[in-house]
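For reference, positions follow the sequence shown, starting with 1. In this text, all values refer to a predicted model and were calculated from it rather than measured experimentally.
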Amino acid sequence: MATRARRTQRRNQVLSREQIIDTAVELLDTGGEGALTVRAMTERLATGSGAIYYHVGTRDELLDTATETVVTAALATKPGGASVTPEEEIRAVALALFDAIAEHQWLATRLTLQVIRNPVGPVTVGIFERIGRQVGALGVPQAAWFDATATLVHYILGAVSQNARVDGDTSGVEAGVNREEFLGAASRAWQELDPDDYPFIHAIVDQMREHDDREQFLTGIALVLDGITNLRWPTAPDRVHR
């Protein structure tokens, strides 16, 4: 028993927590949440399940840790330039989250779950803190900080999730269909609609087919920021008696 304990201890010392997290992210990127199994982890790392549990806990805890690792890296992104405005700071973190989910498609589901299930966790707190500071710097009255920040966060998470394949949700889209094929098929279907019944759809069908997701995302950020900075926010007493 003593010999086995010493071997386990040596193995745990060689295998780092960072290696486990990096391997988990690689598996998630390759095959989604279904690919992240204890067996796959032990085979990839040439170790036993005990070493993995020792460093990161259960599979759910590993998923949370992988999510935290990727999101924390995205939140560390800073815009270039010596003098940066609050709007530029918000756009930088929003784009960092957009790009992170584009790179790690499994992240959309996990990020949403983290925000819903763990409001005191580092992911939720980190996103609200990074964006909320800039909302304050925009001149929004403190009584409205939460509403303004939550609006931005909800838009960012909703938009980036919409542009990612939510793991386990095929939504009627055939596997292997790329973005251009999907938008092309959708635009052809829209063009077949009766233009008298759907004049707006016919007017924007070409825009839908040719739009850039990243540019559309930034347009949404600009619209939300414009609303936040120009809205006449109620004072604290007004909010209480509203």
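Looking at Trp145 and Phe128, their side chains never come closer than 4.5 Å, going by heavy atoms from C-beta outward. Proximity of Phe98 to Asp213: side-chain heavy atoms (C-beta onward) are separated by under 4.5 Å at one or more points. Val38 places a side-chain heavy atom less than 4.5 Å from the side chain of Thr42.
For the pair Glu89 and Arg130, the salt-bridge criterion is met [side-chain N within less than 4.0 Å of a carboxylate O]. In summary, Arg188 and Glu192 do not engage in a salt bridge, as defined by a charged side-chain N under 4.0 Å from a carboxylate O. Between Glu180 and Arg209, none of the side-chain N atoms (NZ, or NE/NH1/NH2) sits under 4.0 Å from a carboxylate O, so this pair counts as no salt bridge.
To the nearest 0.5 Å, the span separating OG1 on Thr65 from NE2 on His55 amounts to 12.5 Å. In this structure, Leu97 CG and Leu157 CG are separated by 7.0 Å, a value rounded to the nearest 0.5 Å. Once rounded to the nearest 0.5 Å, the distance linking CG of Leu62 with CE of Met41 reads 5.0 Å. Atom CD1 of Ile228 sits about 6.5 Å away from atom CD1 of Ile90, to the nearest 0.5 Å. Taking CD1 from Ile52 and CZ from Arg59, the interatomic distance works out to 12.0 Å, rounded to the nearest 0.5 Å. Put simply, CG on Leu138 and CG on Leu225 are 6.5 Å apart, with the number rounded to the nearest 0.5 Å.
A donor-acceptor pair under 3.5 Å is absent between the side-chain atoms of Thr72 and the main chain of Thr69, judged by distance alone. The backbone N or O of Ala222 lies less than 3.5 Å from no partner atom in the side chain of Asp226, so there is not a single donor-acceptor pair.
Looking at every heavy atom in both residues, Thr149 comes nearest to Gly132 through OG1-CA, 3.5 Å. Between Ser187 and Val205 the shortest heavy-atom distance is O-CG2, 3.5 Å. When every heavy atom of Val25 is checked against every heavy atom of Ala66, the shortest pair comes out as CG2-CB, 4.0 Å. Counting all heavy atoms, side chain and backbone alike, Thr58 lies closest to Glu61 at N-OE1, 2.7 Å. Considering every non-hydrogen atom in both Val125 and Pro119, the closest pair reads CG2-O, 3.7 Å. Residues Pro79 and Val84 share a closest heavy-atom pair of CG-CG1, 3.3 Å.
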Step-by-step salt bridge (charged side-chain N to carboxylate O under 4.0 Å, His left out) determination, Arg91 to Glu87:
CA-CA 6 Å; Arg91 282 195 292 269; Glu87 291 90 346; over 6 Å; no

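Phe146 is connected to Val224 through a chain of hydrophobic side-chain contacts under 4.5 Å among Ile, Leu, Val, Met, Phe, Trp and Tyr, so both are in one cluster. Both Ile201 and Phe182 are members of a single hydrophobic cluster when ILVMFWY side chains are connected at heavy-atom separations under 4.5 Å. One hydrophobic cluster, built from ILVMFWY side chains closer than 4.5 Å, holds both Val140 and Leu231.
Just one residue in the list Asp194, Leu193, Asp197, Asp196 forms a side chain to side chain contact (heavy atoms under 4.5 Å, CB included) with His202, and that residue is Leu193.
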